[in-house]
Amino acid sequence: MTGTIVKSNERKLTIARSMAEALAQEMRIDPTVFVMGEDIGTLGGIYGNTRGLIEEFGPERVRDTPISETGFIGAAVGAAQDGMRPVVELMFVDFFGVCFDAIYNLMAKNIYFSGGHLKVPMVLMTSTGGGYSDGGQHSQCLYGTFAHLPGMKVVAPSNAYDAKGLMTAALRDDSPVVYMYHKGLQGMGWLGTEPGATVHVPEDSYTVEIGKAKVVREGRDVTIVSLGIGVHHALKAADTLAQQNVSAEVVDLRSLVPLDRDTIRASVAKTGRLIVVDEDYHSFGVSAEVIASVVEHDLSVLKAAPVRVAYPDVPIPYARVMEQFCLPNPAKIVAAWAQMAA
Amino acid sequence: MATRKTPETAAVDGANVSKDDLLKYYREMLLIRRFEEKAGQLYGMGLIGGFCHLYIGQEAVVVGLEAAAKEGDKRVTSYRDHGHMLACGMDPKGVMAELTGREGGYSRGKGGSMHMFSKEKHFYGGHGIVGAQVPIGAGLAFSDKYKGNDNVTFAYFGDGAANQGQVYETYNMAELWSLPVVFVIENNQYAMGTSVKRSTKSTTLFGRGVAFGIPGEQVDGMDVLAVKAAGEKAVAHCRAGNGPYILEMMTYRYRGHSMSDPAKYRTREEVQKIREERDAIEHVRELLISGGHATEDDLKAIDKEIKATVSDAAEFSKESPEPALSELWTDIYA
């Protein structure tokens with residue numbers, strides 16, 4: 001997954017455990033880092049990403065909050081402006097509706113509004129994604145919604161190696177970072193999980209640079225750009241396409257803001273074809289932005305019109321048959337290639 | 001709410017208030033008033049854009065509470081923020097130049113009237129969304145508690161914001177975590193054009209704290225000495241580790257909600273009556289004169305000095321260059 005050769009005796013971690021490890025390592029060296037959210041302490045976080053923290057750091061630094069998202073995210077902005085490094089969890093990204101004011105009007109803007117006199121070093125981590133029949137208020141990705149608004153960095157790891165490195169980078173950043181992790185990659189049994197997300201993770205602390213995409217599979221004929229769980233769909237589609245003698249390159253965005261347009265452009269310049277896979281809604285989103293990055297830059301590199309494989313513009317339905325019909329998957333990517341090559 | 005003390009009784013009650021203190025409050029309140037009058041003029045001249053929210057009438061609230069604060073205490077407020085900035089010692093030039101959107105403004109022209117900050121003076125904004133500064137205040141207080149110092153945060157909001165849900169989320173967390181924050185409700189009677197009577201059946205706003213276990217009281221916000229005394233009590237409560245405290249300041253704004261206010265929701269007579277009977281600056285002026293602490297000439301000299309300060313600020317705000325457009329792209333991240 002990460003392009004490194006994994007020895008059989010090297011430890012593998014889930015994204016949940018690698019996030020928790022990054023938090024713990026940073027909390028050990030930086031007393032200003034503390035974590036706040038609903039059930040992130042005693043319960044350990046419903047996605048496992050804060051497990052073990054309260055035992056090591058205690059309830060002062062690992063704070064269970066009342067169900068008051070606006071209140072505790074706003075409070076985190078205040079603490080961050082005073083030199084703390086809060087990490088807050090919004091349990092489901094869908095809940096942004098109750099607290100977006102604190103996020104985009106305060107967290108994202110106060111550095112700019114202060115003319116650079118204030119820093120807002122905080123991390124907002126939030127779960128994304130569906131596929132497990134949780135209905136339309138617990139299954140969205142909303143990548144485009146967050147990435148659209150200036151002032152926040154936005155990252156979305158696809159595997160445990162990047163998850164740890166991006167978390168450490170986010171914790172050390174003086175600007176607010178929205179850390180969007182996909183529920184289907186966390187390694188939580190009750191959700192079902194993508195095995196490809198659980199990879200070797202070094203024990204020592206390290207960072208993955210925010211704003212750098214990664215070519216996770218090289219190819220010649222088509223570029224498939226995605227993020228989060230979509231990267232795994234893309235890799236599976238690339239395997240299928242390889243059997244048809246089609247060589248697909250897969251780009252894992254890793255960060256949405258800043259967006260690594262150079263890596264996208266370089267890949268499409270090589271392959272001439274572009275498929276974007278995004279579990280967020282089809283219109284006005286990440287997929288359009290990726291395509292615009294290419295066509296605004298140099299239309300001549302394209303041998304075919306780009307194709308989006310994204311969530312249709314409908315509220316996410318509950319019924320399994322309906323939801324599964326809507327989600328991106330490897331077969332849809334292979335079909336997109338067929339459409340493109342026809 | 002206590003009725004306004006007559007100058008005579010205040011002079012007696014205020015035995016612990018020195019002549020120097022009284023002169024200081026007079027000077028500080030006058031600076032705010034003259035600054036705001038000048039801002040109103042510059043707005044009229046087209047030098048200030050947007051909606052400009054003036055603090056005229058409410059000066060005793062911030063000046064009284066600053067008198068109860070110590071170095072290190074923090075403050076955060078809403079968009080009616082010029083008075084708070086001047087009272088905590090921020091430079092009038094930097095504030096006025098931000099109003100005119102100039103490079104010399106506190107936010108280098110990127111924030112405007114509603115968005116200024118000073119780490120040096122522990123002023124954390126200036127926020128444009130009604131009530132949104134209240135959770136920030138709790139976070140600032142948490143930061144101090146975590147660091148183990150005895151600083152207190154003043155989180156100011158208006159009677160309008162008192163109907164925002166996030167205020168009560170914050171009350172709950174602040175009491176739960178014993179945060180050293182004074183919630184200051186500046187009850188100026190009107191949320192834009194909606195009077196308190198038309199927005200709630202609560203007879204007091206501080207009383208809502210009872211539901212969360214937070215003590216509080218109503219204070220004559222037009223009496224700087226009453227404000228200071230209440231502020232000292234609240235701050236002592238917070239510094240002793242007893243958690244938050246609520247002060248409901250009964251005050252009044254003389255001007256409109258913003259410069260675009262049609263002023264149809266109250267009578268001229270109502271405003272005039274309060275100006276005549278309860279004005280905070282006149283009150284201190286009377287105390288100074290009747291107590292023999294200052295002569296008319298002394299006060300005239302102060303007026304002159306303040307006028308010069310404000311005039312310098314206005315000059316600076318006109319002469320400071322407009323920001324370079326290249327600055328658009330800086331400060332998006334720290």
Side-chain angles (χ1 to χ4, degrees), chain A residues 31-32 34 36 59-61 63-86 88 98-122 150-153 173-177 210-211 257-258, chain B residues 74 76 98 103 105-112 114-120 122 124-147 151 153 155 164-174 176-177 179 181 323 327-328 330-334:
Chain A
T32 66
F34 71 101
M36 245 189 328
E60 180 69 6
R61 294 183 73 188
R63 309 180 69 81
D64 283 323
T65 63
I67 301 178
S68 305
E69 291 87 356
T70 311
F72 73 75
I73 296 172
V77 175
Q81 290 178 172
D82 192 39
M84 298 290 288
R85 290 186 175 273
V88 288
V98 298
C99 57
F100 215 37
D101 186 60
I103 296 168
Y104 94 106
N105 265 329
L106 302 179
M107 181 181 93
K109 291 179 180 167
N110 279 350
I111 296 172
Y112 198 77
F113 281 170
S114 72
H117 292 124
L118 280 183
K119 295 172 180 174
V120 185
M122 64 181 278
M152 310 178 269
K153 298 182 182 180
D173 206 297
D174 284 336
S175 302
V177 179
I210 295 172
V257 182
Chain B
K74 297 182 167 65
V76 64
E98 189 61 34
E103 205 177 274
Y106 264 99
S107 300
R108 306 199 289 139
K110 291 176 177 175
M114 297 185 273
H115 307 285
M116 284 179 248
F117 306 82
S118 168
K119 280 203 94 160
E120 189 200 344
H122 315 292
Y124 288 85
H127 297 278
I129 307 294
V130 174
Q133 74 277 14
V134 182
I136 289 186
L140 292 167
F142 170 74
S143 177
D144 280 322
K145 184 166 190 257
Y146 184 95
K147 290 169 186 163
N151 295 336
T153 295
Q164 280 280 21
Q166 57 183 312
V167 169
Y168 301 99
E169 292 188 7
T170 306
Y171 277 8
N172 185 49
M173 288 191 298
L176 178 69
W177 297 337
L179 302 181
V181 53
E327 285 295 314
L328 263 175
T330 62
D331 308 321
I332 296 169
Y333 303 119

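Convention: sequence-line order gives letters A, B, ...; per-chain numbering from 1.
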**Report entry** chain B interface, residue from A/Pro66, A/Gly115, A/Pro31, A/Ala80 that has the most non-hydrogen pairs under 4.5 Å
**Finding:**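 Counting heavy-atom pairs under 4.5 Å, the top option is A/Gly115.
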Query raised in the report: In terms of heavy-atom pairs under 4.5 Å, which option from A/Met152, A/Glu69, A/Lys109, A/Met84 contacts chain B the most?
Result: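 Result: the option with the highest number of such pairs is A/Met84.
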Could you tell me which portion of [X] (side chain, backbone, both or neither) has an atom closer than 4.5 angstrom to a non-hydrogen atom of chain A?
X	value
B/Phe142	side chain
B/Gln133	neither
B/Tyr146	both
B/Thr330	backbone
B/Ile332	both
B/Leu179	neither
B/His122	neither

Please check this pair: side chain of [X] against backbone of [Y], looking for a donor-acceptor N/O pair closer than 3.5 Å.
X	Y	value
B/Glu103	B/Arg108	no
B/Gln164	B/Val130	yes
A/Ser114	B/Ser107	no

Give, for atom [atom1] of [X] and atom [atom2] of [Y], the distance between the pair rounded to the nearest 0.5 Å.
X	Y	atom1	atom2	result
B/Lys74	A/Gln81	NZ	CD	11.0 Å
A/Asp173	A/Lys119	CG	NZ	10.5 Å
B/His115	A/Tyr112	NE2	OH	12.5 Å

So what's closer than 4.5 Å to chain B heavy atoms on [X]: side chain, backbone, both or neither?
X	result
A/Ile111	both
A/Phe34	side chain
A/Met36	side chain
A/Asn110	both

Report task. Decide if atom CG of B/Leu176 counts as having more than 12 heavy atoms of other residues, nucleotides or ligands within a radius under 6.0 Å. Result ->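 Enclosed.
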Report task. Answer yes or no: are there more than 12 heavy-atom neighbours, outside B/Glu120 itself, under 6.0 Å from its atom CD? Result ->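 Result for CD/B/Glu120: open.
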Requested in this report: Taking all non-hydrogen atoms of both residues into account, name the closest pair between B/Tyr124 and B/Lys119 and its distance.
Outcome: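 So the minimum-distance heavy-atom pair works out to OH-CE, 4.0 Å.
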Query raised in the report: Which residues in residues 98-105 of chain A have any heavy atom lying under 4.5 Å from a heavy atom of chain B?
Result: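 Within residues 98-105 of chain A, the residues that come under 4.5 Å of chain B (heavy atoms only) are A/Asp101, A/Asn105.
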Report task. Please list, chain by chain and in numerical order, all residues satisfying salt bridge (Lys or Arg N to Asp or Glu O under 4.0 Å) with B/Lys147, sequence neighbours excluded. Result ->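 A/Asp82.
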Query raised in the report: Are the charged groups of A/Arg85 and A/Asp174 less than 4.0 angstrom apart, N to O?
Result: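 Salt bridge between A/Arg85 and A/Asp174, a charged N being under 4.0 Å from a carboxylate O: yes.
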Requested in this report: May I ask you to check if A/Lys153 and B/Tyr333 form a cation-pi contact, with NZ or CZ under 6.0 angstrom from the six-membered ring centre and within 45° of the axis?
Outcome: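 Geometry flag: set, cation within 6.0 Å and 45°.
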